[in-house]
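One structure is given here, and the rest of the page talks about it.
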There are 2 protein chains.
Amino acid sequence: MTVMETTPAPTPAPARDQGGPEICPPPPAHPRPDGQDHYTISEVVAVTGLTAHTLRWYERIGLMPHIDRSHTGQRRYRNRDLDWLTLVGKLRLTGMPVADMVRYAELVREGEQTFAQRRELLERTRHDVRARIAELQGTLAVLDHKIDIYS
Amino acid sequence: MTVMETTPAPTPAPARDQGGPEICPPPPAHPRPDGQDHYTISEVVAVTGLTAHTLRWYERIGLMPHIDRSHTGQRRYRNRDLDWLTLVGKLRLTGMPVADMVRYAELVREGEQTFAQRRELLERTRHDVRARIAELQGTLAVLDHKIDIYS
DNA sequence: TAGAACCCTTGAGCGCACTCCAAGCAAGGG
DNA sequence: CCCTTGCTTGGAGTGCGCTCAAGGGTTCTA
């Protein structure tokens, strides 16, 4: 596993597959490098398509749960962290501000008594996403019309 | 017409109405202040929801066609300029970078011989928008699932 | 004739989401 | 032992899309 620090995800971004209908049922989890439940930062880079910089930055701003460290201080991500990153990726591409995701992360850290607030936040997000889809469909109609004109 | 320079579109932003299905057929064109085919910048602010700053900035970066001026140098927008701004607004909310819109504006200025290139650009954009909608629908599924769990 | 409201220009500043830098530590191979 | 690779840190820098400030002109109403 040799991933340079500065590699900006050459192709491995698994966030978008090239043409599939994106309704993959449960994508066979992460292509996890080994059977062990801990991964180095560069392994996480490989599976998420994020940069190591971004992963550390997420941690600094409080977007990540506590990440285990090796005896030498290196990060050791676990499966639940990868799952969390998958969710974050989804939320991110809804356009949700990072600050809101941090808020959600805080609620998760605060434990079960925040269930209601979390649901509320997710429902607001869902509403926004639906509105956004409607907006985009409106735009699509305009594009179709314009493209017609140019034909 | 009294619109302060610094007013950040108090409510008149016509981009999102509060709850409607957003599939308004043809919104009765612009609510054009008078029957004349020229508008001051603040009138354009009122109909587009953009700020005057943003309108001037659009002009500076080459996103606007040539805008007429009054004998004292003030901008006098015309109906075709408002139509252009409507299109720009649509493209903007697809997430198209401003630089690409500027490119499109350049093609328009270059005249009829760029029809093919314009269509190509719009088709690429349409493709992106479709992909984006699919992405968002995938995210929606995740949100639905999560919200289920919190119930 | 004053004052308010509106407009102009150039150039700097801001918020977001990263992105990179410099300096240094730790482990493994030759 | 040294070299390379990969990781660590705090803080500075970047690109985008605006957003505002400063300083001044014009136009309307009282």
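Sequence lines set the chain letters: A, B, ... in the order given, protein chains first and strands last, and positions in each chain run from 1. Side chains included, hydrogens not; waters and symmetry mates left out as well; all remaining heavy atoms used. Worth saying up front: this structure is predicted, and the values here are computed from it rather than measured.
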Cut-off 3.5 Å, no hydrogens considered: what does the side-chain donor-acceptor table look like for residues 97-104 of chain B, sequence neighbours left out?
{"from": "B:Arg103", "atom 1": "NH1", "to": "B:Glu106", "atom 2": "OE1", "distance (Å)": "3.3"}
{"from": "B:Tyr104", "atom 1": "OH", "to": "A:Tyr150", "atom 2": "OH", "distance (Å)": "3.1"}

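Spacing between atom CG of A:Leu55 and atom P of C:dC18 amounts to 11 Å, rounded to whole angstrom units. Remark: P of D:dT9 and OH of A:Tyr58 are 17 Å apart, rounded to the nearest angstrom. Rounded to an integer number of Å, the gap from A:Arg75 CZ to C:dA26 P is 16 Å. The OH-C1' distance, from A:Tyr77 to D:dT8, rounds to 12 Å in whole Å. In this structure, CD1 of A:Ile67 is placed 15 Å from P of D:dC7, rounded to the nearest angstrom. The nearest whole Å value for the distance from the CH2 atom in A:Trp57 to the C1' atom in D:dT9 is 17 Å. Remark: C1' of C:dC16 and CE of A:Met96 are 16 Å apart, rounded to the nearest angstrom. Distance, B:Arg56 CZ to C:dT10 P: 12 Å, rounded to whole Å.
Using a 4.5 Å heavy-atom cutoff, the side chains of B:Leu87 and A:Val142 are in contact. Contact of the A:Thr40 side chain with the A:Arg76 side chain is registered, since non-hydrogen atoms from C-beta on lie closer than 4.5 Å. The closest side-chain heavy-atom distance from B:Glu59 to B:Leu55 is not below 4.5 Å. No side-chain heavy atom of A:Leu121 sits less than 4.5 Å from a side-chain heavy atom of A:Arg118. Looking only at side-chain heavy atoms (C-beta outward), A:Lys146 and B:Leu91 stay at 4.5 Å or farther from each other.
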Interface polar pairs with nucleotides 10-16 of chain D, N/O, under 3.5 angstrom:
{"from": "D:dG11", "atom 1": "N7", "to": "A:Arg60", "atom 2": "NH1", "distance (Å)": "3.0"}
{"from": "D:dG11", "atom 1": "O6", "to": "A:Arg60", "atom 2": "NH2", "distance (Å)": "2.9"}

Return the polar atom pairs (N/O with N/O) between nucleotides 26-29 of chain D and the protein under 3.5 Å, or none.
{"from": "D:dT27", "atom 1": "OP1", "to": "B:His71", "atom 2": "NE2", "distance (Å)": "3.2"}
{"from": "D:dT27", "atom 1": "OP1", "to": "B:Thr72", "atom 2": "OG1", "distance (Å)": "3.4"}

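The phosphate of D:dG17 has neither OP1 nor OP2 within less than 4.0 Å of any side-chain N or O from B:Thr54. Applying the 4.0 Å criterion to OP1 and OP2 of D:dC18, one finds that B:Arg92 has a side-chain N or O inside that range.
When atom types are taken as modelled, the side chain of B:Arg130 and the backbone of A:Leu140 share no donor-acceptor pair closer than 3.5 angstrom. For the pair A:Thr114 (side chain) and A:Gln117 (backbone), a donor-acceptor distance under 3.5 Å is absent.
Here A:Arg78 pairs with A:Asp37 in a salt bridge; the nearest charged N to carboxylate O distance falls below 4.0 Å.
Candidate nucleotides D:dT9, C:dT9, D:dG17 were compared by shortest atom distance to the side chain of B:Arg69, and C:dT9 ranks first.
The 5' end of DNA chain C is approached more closely, in terms of each residue's nearest nucleotide, by B:Glu59 than by the other of A:Gly95 and B:Glu59.
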